[in-house]
Amino acid sequence: MTEGLGMRLGITMFATDLTMAPHELAGEAEARGFASLYLPEHTHIPVSRATPAPTGAETLPEEYSRTLDPLVSLAAAAVTTERIVLGTGVLLPAQREPIVTAKAVATLDRLAPGRVVLGIGYGWNAEEGADHGVPWKRRRAVAREHVLAMRALWTDEEASFEGEFVSFAASRAWPKPSRRVPVLLGGAPGPTLFAHIAEYGDGWMPIGGAGVREALPALRRACEDAGRDPVPVIPFGTLPTPGKLDHYASLGIEEVVLRVPAGGRDAVLPVLDEYARAHL
């Protein structure tokens, strides 16, 4: 916990076949007192791509095409840790078959009971989505249905779902998660995102965290309109510049996820040590 701020700190890394192994990272983070580890997802990156890189660079960084599967990686981390929360940041549910994904998430919770968090996004790479058969302009609606279908499978003894993109008759599926799996929605602030969070999410995961103060009133209103209490906000992929964590604490934010480099142990562990010395 950050001294004097009452704030939990997590970490995220673009885990690839060239970086420090995620289960080793999880163990090192837990040993230093970090509260959570989040891993991203890209199944593949088509070579022919018209979609601009989200980084603004002309060339997409290599780690996007080398990303490890986050649920498999977190399963390895589950059996080498005891306390640290294990999350996706972010998983792309529109690109995933929901019955299989629900089973994988519930199995991960079986390995790490009560420690699983599902951070999700809608995706930015139209070519990647197209290869999964995602109707790009409807990807938010697809993601929503996939999450709702997974929730039914996690909750109901005989689960069924009938939607535009997902349909299955009454079915039995175990294991069931040990608790309601928190679903955090990533994305830029706006009425559509906040309406989705208020309807079926458990929190907002703004990438980088810029503009959170200005967006909080709209998020709170969306929750009020849906008859819900305010949901947590967890700034994600943040670099802890001077004063930033104090700023978040002043907004009532209780957890921030810090970015570490996509590299080997020699590149990652000094950054973990620096963050721990300065903020834990």
Side-chain angles (χ1 to χ4, degrees), residues 1-16 18-42 54-55 61 63-64 67-68 70 73-74 77 80-81 83-91 112 115-121 182 184-189 203-213 215-216 232-280:
M1 183 174 290
T2 302
E3 185 176 357
L5 297 181
M7 180 182 290
R8 300 182 303 277
L9 292 181
I11 61 167
T12 184
M13 182 183 75
F14 239 115
T16 77
L18 302 178
T19 67
M20 182 179 182
H23 64 281
E24 295 178 356
L25 176 61
E28 297 286 358
E30 183 174 82
R32 288 162 173 78
F34 289 94
S36 55
L37 168 66
Y38 288 83
L39 299 178
E41 172 173 60
H42 279 286
T55 60
E63 57 258 32
Y64 281 80
T67 309
L68 302 182
S73 299
L74 293 173
T80 60
T81 58
R83 300 177 304 279
I84 195 167
V85 169
L86 303 172
T88 56
V90 294
L91 185 107
R115 292 197 283 143
V116 177
V117 173
L118 203 63
I120 70 165
L184 309 175
L185 276 66
W204 178 31
M205 182 181 275
I207 309 301
V212 168
R213 180 191 293 275
L216 281 177
V233 177
I234 302 177
F236 181 80
T238 298
L239 293 175
T241 55
K244 188 178 290 186
L245 296 182
D246 298 275
H247 169 67
Y248 289 144
S250 74
L251 301 177
I253 288 171
E254 297 180 351
E255 182 175 0
V256 177
V257 180
L258 308 179
R259 185 169 79 235
V260 299
R265 295 177 64 91
D266 291 346
V268 173
L269 294 185
V271 176
L272 282 186
D273 289 336
E274 178 185 349
Y275 289 168
R277 284 193 302 268
H279 305 295
L280 291 177

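Owing to the predicted nature of the structure, the values given are computational and were not obtained by experimental measurement.
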Using every non-hydrogen atom in the two residues, find where [X] and [Y] come nearest and quote the distance to one decimal.
{"X": "A29", "Y": "I11", "answer": "CB-CD1, 3.6 Å"}
{"X": "A262", "Y": "T19", "answer": "C-CG2, 3.6 Å"}
{"X": "P22", "Y": "A77", "answer": "O-CB, 4.4 Å"}
{"X": "R32", "Y": "E28", "answer": "NH1-OE1, 2.6 Å"}
{"X": "A267", "Y": "G263", "answer": "CB-CA, 4.3 Å"}
{"X": "G209", "Y": "V212", "answer": "O-CG2, 3.0 Å"}

In the structure I gave you, are the side-chain heavy atoms of [X] and [Y] within less than 4.5 Å of one another anywhere?
{"X": "L245", "Y": "H279", "result": "yes"}
{"X": "M7", "Y": "L9", "result": "yes"}
{"X": "Y38", "Y": "V117", "result": "yes"}
{"X": "L74", "Y": "T88", "result": "yes"}
{"X": "E255", "Y": "S36", "result": "yes"}
{"X": "V268", "Y": "L25", "result": "yes"}
{"X": "L280", "Y": "Y275", "result": "no"}
{"X": "L272", "Y": "F34", "result": "yes"}

Got a second to check how far [X]'s [atom1] is from [Y]'s [atom2], nearest 0.5 Å?
{"X": "I120", "Y": "E41", "atom1": "CD1", "atom2": "CD", "result": "11.5 Å"}
{"X": "I234", "Y": "M205", "atom1": "CD1", "atom2": "CE", "result": "5.5 Å"}
{"X": "L37", "Y": "M13", "atom1": "CG", "atom2": "CE", "result": "8.0 Å"}
{"X": "L251", "Y": "I253", "atom1": "CG", "atom2": "CD1", "result": "5.0 Å"}
{"X": "L258", "Y": "E274", "atom1": "CG", "atom2": "CD", "result": "10.5 Å"}

Check your understanding: Of all residues at least two apart in sequence or in a different chain, which pass the side chain to side chain donor-acceptor pair (under 3.5 Å) check with T67?
Key ->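 For T67 there are no side chain to side chain donor-acceptor pair (under 3.5 Å) partners, ignoring immediate neighbours.
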Review point. What pairs with H42 under ring pair (Phe, Tyr, Trp, His ring centres under 6.0 Å), at least two apart in sequence or on another chain?
Key: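 In terms of ring pair (Phe, Tyr, Trp, His ring centres under 6.0 Å), with neighbours along the sequence ignored, H42 is linked to Y64, W124.
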Any donor-acceptor N/O pair, [X] side chain to [Y] backbone, under 3.5 Å:
{"X": "W204", "Y": "G187", "value": "yes"}
{"X": "T238", "Y": "P240", "value": "no"}
{"X": "T12", "Y": "L39", "value": "no"}

Review point. Hey, mind stepping through T80 and E24 against side-chain contact (heavy atoms from CB on, under 4.5 Å) and telling me if it holds?
Key: CA-CA 8 Å; T80 60; E24 295 178 356; over 6 Å; no
Review point. Among side-chain atoms of R115 and T81, is any donor-acceptor pair under 3.5 angstrom?
Key: yes
Exercise for review: Quick one: do L86 and I84 satisfy side-chain contact (heavy atoms from CB on, under 4.5 Å)? Show the steps, please.
Suggested key: CA-CA 6 Å; L86 303 172; I84 195 167; 3.8 Å; yes
